[in-house]
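All values reported here derive from a predicted model rather than from experimental measurement. Keep in mind that the numbers below use all heavy atoms, side chains included, and drop hydrogens, waters and symmetry copies.
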Amino acid sequence: MDAVRLIVTNRRALAAGGGVPDLLTEVWQAQALAQAIGSRLALAGPPHLRGEATGLADLAGHGIGVLDRSPLDSGEPRAARLTELGDTRACLMHLGGLLGDVGIALVGIACAADDEATYWSCVEAIDAADEARDRVRDMLRKLAEGEAAIPRREAG
């Protein structure tokens, strides 16, 4: 399945809300998807994005690890259905939005947390999502710079 379709599906599921376990599952799904997209870009994306893409995959992996919540009862992770990235810019724009939604959801969960362990794992996951979103922004900036350089080369 195309990355943008998976991201949109994840954003809708996250927006639908539900209880804390459902939200944490959707956050986990989003981080797994970000990790898969980062890994794909690191392997086969534009060469000037590969370093940032590796960082994205690592940060998303950290976000998964601190939540310690896999959606075992919901079947295969959504990220496993990723077959193509499609347009890199569109993929990254949508992924940035998803990571922003993840941060917002985690803030809500952290504020309502009854125990300290949940609170601190949410805080760590918020940091990971914010840093991953920063990587996405950096990649979008590098894409724009690369596209701006092409007309200059053609004119020269």
Linking Ile, Leu, Val, Met, Phe, Trp and Tyr by side-chain heavy atoms under 4.5 Å, what else ends up with Trp120?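 For the cluster that includes Trp120, the remaining residues are Tyr119, Val123.
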
If you look at every heavy atom in [X] and [Y], which pair is closest and at what distance?
| X | Y | value |
| --- | --- | --- |
| Asp2 | Thr83 | N-OG1, 4.1 Å |
| Ala125 | Gly63 | CB-O, 4.4 Å |
| Val27 | Ala105 | CG2-CB, 4.3 Å |
| Leu85 | Cys91 | O-CB, 3.8 Å |
| Leu41 | Pro46 | CD2-CD, 4.2 Å |

Same cluster (ILVMFWY, side-chain, under 4.5 Å), [X] and [Y]:
| X | Y | answer |
| --- | --- | --- |
| Leu143 | Leu99 | yes |
| Leu82 | Leu59 | no |
| Ile37 | Val8 | no |
| Ile109 | Val107 | yes |

Which value, rounded to the nearest 0.5 Å, describes the distance between [X] atom [atom1] and [Y] atom [atom2]?
| X | Y | atom1 | atom2 | result |
| --- | --- | --- | --- | --- |
| Gln35 | Ile64 | CD | CD1 | 4.0 Å |
| Asn10 | Trp28 | CG | CH2 | 11.0 Å |
| Thr9 | Leu14 | OG1 | CG | 12.5 Å |
| Ile7 | Arg12 | CD1 | CZ | 12.5 Å |
| Leu92 | Asp87 | CG | CG | 9.0 Å |
| Glu26 | Leu98 | CD | CG | 9.5 Å |

Could you list the residues that satisfy salt bridge (Lys or Arg N to Asp or Glu O under 4.0 Å) with Arg5, not counting sequence neighbours?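 Applying salt bridge (Lys or Arg N to Asp or Glu O under 4.0 Å) to Arg5 gives none.
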
Arg78 side chain to Gln29 main-chain N or O, any donor-acceptor pair under 3.5 Å?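 The answer is no, because no donor-acceptor pair under 3.5 Å joins these two groups.
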
Report yes or no: does Asp101 contribute a side-chain atom to a donor-acceptor pair with the main-chain N or O of Arg11 at less than 3.5 Å?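 Checked: no pair found.
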
Give a yes or no on whether a salt bridge exists between Arg137 and Asp134, defined as a side-chain N under 4.0 angstrom from a carboxylate O. yes

Would you call Glu131 and Arg135 a salt bridge, using N to O less than 4.0 angstrom?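 Judged by the 4.0 Å cut-off on N to carboxylate O distance, Glu131 and Arg135 do not form a salt bridge.
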
Report all side-chain donor-acceptor pairs from residues 48-56 shorter than 3.5 Å, counting only partners two or more places apart or in another chain.
from  : atom 1 : to    : atom 2 : distance (Å)
Arg50 : NE     : Gly45 : O      : 2.9
Arg50 : NH2    : Gly45 : O      : 2.8
Thr54 : OG1    : Arg50 : O      : 3.0

Hey, are Thr25 and Asp22 close enough side-chain-wise for a donor-acceptor pair under 3.5 Å?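 Note: Asp22 and Thr25 side chains miss the donor-acceptor criterion.
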
More than 12 heavy atoms of other residues, nucleotides or ligands under 6.0 Å from CG of Asp114: yes or no?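 Check fails, neighbour count at 12 or below.
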
Please determine whether side chain to side chain contact (heavy atoms under 4.5 Å, CB included) holds for the pair Val136 and Met93, giving the CA-CA distance in whole Å, both sets of side-chain angles, and the decisive distance to 0.1 Å. CA-CA 8 Å; Val136 168; Met93 298 266 306; over 6 Å; no

Determine whether Leu24 and Val20 satisfy the following criterion, side chain to side chain contact (heavy atoms under 4.5 Å, CB included), listing intermediate values before the conclusion. CA-CA 6 Å; Leu24 285 173; Val20 170; 3.7 Å; yes

